[in-house]
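Predicted model only: the values in this text are computed from it and were never measured.
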Amino acid sequence: MRAAPSSIAIDGPAASGKSTVSRVLAKRCGYHFLDTGLMYRAFALAALRASVPATEEACARFVAEVELRIGEELEAHVYLGSEDVTNKLHNRELEAHVSSYARLAPVRQALIERQRAYAARWRAVLAGRDIGEVVLPDAPLKIYLDADENARARRRNSERGIGHQGEARQSQQALSRRDRLDAAQTYLASGAIVIDTSALTLEEVIERVLGLAACEG
Ligand code: DC
C-alpha cells in the first residue's frame with residue numbers, strides 16, 4: 001500500500017475547480033486545506049483599505065506590518081487582525097486589483113513563508129498557482145487542474161448565479177484579463193500530474209484525484 005502524502009499541491013488557473021476539488025479531497029483525507037489565493041486576496045483587501053498602492057516599495061513595508069493570519073480551522077480562514085475576512089474576498093472589485101498586488105516580489109516572499117510554515121505544521125492540501133513549483137517543490141503529490149476558458153467562465157457564472165448574457169460576457173472578460181495578469185505566477189510544476197477538467201464532472205475529477213492521493217476515502 002502507498003503511504004498518503006504529507007502535502008498535496010493543487011495548482012491551476014482561476015475557476016479551474018481547484019478550490020472545490022481541494023476542499024473535498026482534504027475532507028476525504030482528513031487533511032487541513034489552505035486556499036493560498038485567499039491570502040493574496042486578503043492582502044489586496046488590506047492594502048486597498050489602507051490606500052497602499054501596488055508598488056514594491058510601499059508593499060514591502062506594508063506586508064511587514066499587516067496582521068494577516070491563517071486560522072487553525074481544518075479549512076483555513078484568513079484574518080486581518082482579529083477580523084475574519086474569508087467571506088469578504090470573492091467579489092469582482094477585489095479581483096480587479098488582486099493580481100497587481102500578488103505579482104509583487106516582497107508580497108509573494110512574505111506569504112510563501114507562511115504557506116511553507118503551514119505545510120510544515122499540518123498534513124495539508126495547498127491550492128494555488130505556484131505551490132508545486134515554488135512553495136513546496138518537494139511535495140510528494142502535485143496536481144495541475146486545467147480547463148479551457150469557456151468551461152471556466154461557465155463554472156464561475158454558475159458559482160456566482162450569473163445568468164444574464166451581458167453580465168456573463170463581462171465575467172468572461174474579467175477572467176481572461178486575470179489569466180493574463182497571473183500568467184507569470186502560474187506554473188505547471190515539474191512532476192505535476194495534469195488533469196484537464198473541461199469535459200469532466202466534479203465527481204469525475206474528485207475520483208481521479210482521490211485515486212492519486214491514495215488516502216482512505
Ligand atoms: O486562485 P484565486 O483566484 O483565489 O487567486 C487570487 C489571486 O491571487 C489571483 O490573482 C492569483 C493570485 N495567486 C497567486 O499569485 N499565487 C497563488 N499561490 C495563489 C493565488
Chemist: Kindly indicate, with the supporting measurements, whether the criterion side-chain contact (heavy atoms from CB on, under 4.5 Å) is fulfilled by E83 and K88.
Modeler: CA-CA 10 Å; E83 182 188 1; K88 300 180 181 162; 2.6 Å; yes

Chemist: Return each pair, listed once, that meets ring pair (Phe, Tyr, Trp, His ring centres under 6.0 Å) where at least one residue sits in residues 68-92; pairs must be two or more places apart or across chains.
Modeler: none

Chemist: How many angstroms lie between CG in D11 and CG in L188, if you round to the nearest 0.5 Å?
Modeler: 9.0 Å

Chemist: Roughly how far, to the nearest 0.5 Å, is CD of E72 from CZ of R121?
Modeler: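 Interatomic distance, R121 CZ to E72 CD, rounded to 0.5 Å: 4.0 Å.
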
Chemist: With hydrophobic residues grouped by side-chain heavy-atom distances under 4.5 Å, do L45 and V107 end up in a single group?
Modeler: yes

Chemist: Residues two or more places apart in sequence or in another chain: which of them pass side-chain contact (heavy atoms from CB on, under 4.5 Å) with V52?
Modeler: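 Counting only residues at least two positions away or on another chain, V52 forms a side-chain contact (heavy atoms from CB on, under 4.5 Å) with A47, A50, A58, C59, F62.
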
Chemist: Do L80 and E67 make a side-chain contact, defined as non-hydrogen atoms from C-beta onward lying under 4.5 Å apart?
Modeler: no

Chemist: Check the pair L210 / L25 against side-chain contact (heavy atoms from CB on, under 4.5 Å), numbers first and verdict last.
Modeler: CA-CA 7 Å; L210 277 172; L25 177 66; 3.7 Å; yes

Chemist: Are Q172 and R154 linked by a side-chain donor-acceptor pair shorter than 3.5 Å?
Modeler: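 Not at all, the side chains of Q172 and R154 share no donor-acceptor pair under 3.5 Å.
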
Chemist: Could you work out, with side chain to side chain donor-acceptor pair (under 3.5 Å) as the rule, every residue matching R208, not counting sequence neighbours?
Modeler: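 Partners of R208 by the side chain to side chain donor-acceptor pair (under 3.5 Å) criterion come out as none, since no residue qualifies.
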
Chemist: Would you indicate whether the side-chain heavy atoms of L175 and R152 approach each other to under 4.5 Å?
Modeler: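 R152 reaches L175 side chain to side chain.
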
Chemist: Mind checking the CZ-OG spacing from R156 to S16? Nearest 0.5 Å is all I need.
Modeler: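 One finds 9.0 Å between CZ of R156 and OG of S16.
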
Chemist: Would a single hydrophobic cluster contain both Y187 and L104, if residues Ile, Leu, Val, Met, Phe, Trp and Tyr are joined by side-chain heavy-atom contacts under 4.5 Å?
Modeler: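 Linked, L104 and Y187 end up in one cluster.
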
Chemist: Give a yes or no on whether E167 atom CD has more than 12 heavy-atom contacts from other residues, nucleotides or ligands under 6.0 Å away.
Modeler: yes

Chemist: Treat each ILVMFWY residue as a node, draw an edge where side-chain heavy atoms are under 4.5 Å apart, and state whether L111 and I10 are in one component.
Modeler: no

Chemist: Under the side-chain contact (heavy atoms from CB on, under 4.5 Å) rule, what do L141 and L212 come out as? Steps first, then yes or no, please.
Modeler: CA-CA 8 Å; L141 178 59; L212 293 168; 4.2 Å; yes

Chemist: Mark yes or no for whether T197, through its side chain, and L200, through its backbone, hold a donor-acceptor pair below 3.5 Å.
Modeler: no

Chemist: Could you tell me whether the side chain of N91 and the main chain of L94 form a donor-acceptor pair under 3.5 Å?
Modeler: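 Such a contact is found between N91 side chain and L94 backbone.
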
Chemist: Hey, quick one: are V78 and Y31 part of the same hydrophobic cluster, counting side-chain heavy atoms closer than 4.5 Å, chains of contacts allowed?
Modeler: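 No, it is not one cluster - the side chains of V78 and Y31 are not joined through contacts under 4.5 Å.
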
Chemist: For R114 and L68, indicate whether the former's side chain and the latter's backbone hold a donor-acceptor pair under 3.5 Å.
Modeler: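 Indeed, once roles are kept as given, a pair shorter than 3.5 Å links the two residues.
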
Chemist: Any chance CD of E65 has more than 12 other-residue heavy atoms, nucleotides or ligands included, within less than 6.0 Å?
Modeler: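 Counting neighbours around CD of E65, more than 12 heavy atoms of other residues, nucleotides or ligands fall under 6.0 Å, so yes.
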
Chemist: Decide whether Y101 and L181 are clustered together by the hydrophobic rule: side chain heavy atoms of Ile, Leu, Val, Met, Phe, Trp, Tyr closer than 4.5 Å, transitively.
Modeler: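 Result: no, two separate clusters.
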
Chemist: Please check if atom CD in E113 has more than 12 non-hydrogen atoms from other residues, nucleotides or ligands closer than 6.0 Å.
Modeler: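 Incorrect, the count does not exceed 12.
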
Chemist: Give me the atom names and distance for the closest heavy-atom approach of A46 to V66.
Modeler: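 Scanning both residues completely, I find the closest heavy atoms to be CB-CG2, 3.8 Å.
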
Chemist: Under the rule for side chain to side chain donor-acceptor pair (under 3.5 Å), what residues qualify as partners of T20, not counting sequence neighbours?
Modeler: none

Chemist: With sequence neighbours left out, what residues match Y118 under side-chain contact (heavy atoms from CB on, under 4.5 Å)?
Modeler: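 In terms of side-chain contact (heavy atoms from CB on, under 4.5 Å), with neighbours along the sequence ignored, Y118 is linked to H32, L34, I70, A76, W122, A124, L126.
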
Chemist: Checking V63 against F43 for the side-chain contact (heavy atoms from CB on, under 4.5 Å) test, could you report, in this order, the C-alpha distance in whole Å, the side-chain angles of both residues, the deciding distance, and whether it holds?
Modeler: CA-CA 8 Å; V63 79; F43 179 82; 3.7 Å; yes

Chemist: Nearest 0.5 Å, please: how far is CZ in R103 from OG in S99?
Modeler: 9.5 Å

Chemist: Which pair of non-hydrogen atoms, one from S22 and one from V125, has the smallest distance, and what is that distance?
Modeler: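 Reported closest heavy-atom pair: CB-CG1, 3.7 Å.
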
Chemist: Of all heavy-atom pairs between A147 and S198, which one has the smallest distance, and what is that distance?
Modeler: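 Shortest heavy-atom contact: CA-OG, 3.3 Å.
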
Chemist: Does any N or O in the side chain of K18 come within less than 3.5 Å of the main-chain N or O of I143, such that one atom is a donor and the other an acceptor?
Modeler: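 Here the side-chain-to-backbone pair does not exist.
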
Chemist: Hey, are the side chains of D130 and I112 touching, using non-hydrogen atoms and a 4.5 Å cut-off?
Modeler: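 D130 vs I112: side chains touch.
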
Chemist: Nearest heavy-atom pair of P140 and S7: which atoms, and what distance?
Modeler: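 Answer, listing the atom of P140 first, then S7: CD-O, 3.4 Å.
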
Chemist: CD of E207: more than 12 outside heavy atoms within 6.0 angstrom?
Modeler: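 Result for CD/E207: open.
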
Chemist: Evaluate E75 against K27 for salt bridge (Lys or Arg N to Asp or Glu O under 4.0 Å), listing each step before the verdict.
Modeler: CA-CA 9 Å; E75 178 173 343; K27 269 209 184 114; 5.2 Å; no

Chemist: Mind checking side chain to side chain donor-acceptor pair (under 3.5 Å) for R178 and listing every partner two or more places apart, or none if nothing turns up?
Modeler: none

Chemist: If the test is side chain to side chain contact (heavy atoms under 4.5 Å, CB included), which one of R92, H97, E93 qualifies with E95?
Modeler: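 When R92, H97, E93 are each tested with E95, the side chain to side chain contact (heavy atoms under 4.5 Å, CB included) holds only for R92.
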
Chemist: Between Y144 and P13, is there a side-chain heavy-atom distance shorter than 4.5 Å?
Modeler: yes

Chemist: Are the side chain of K142 and the backbone of A189 linked by a donor-acceptor contact shorter than 3.5 Å?
Modeler: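 Such a contact is absent between K142 side chain and A189 backbone.
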
Chemist: Quick one: CZ on R129 to CD on E133, what's the gap to the nearest 0.5 Å?
Modeler: 15.5 Å

Chemist: Between F33 and A127, what is the shortest heavy-atom contact and its length?
Modeler: CE1-CB, 3.9 Å

Chemist: Rounded to the nearest 0.5 Å, how far does CD of Q115 lie from CZ of R108?
Modeler: 8.0 Å

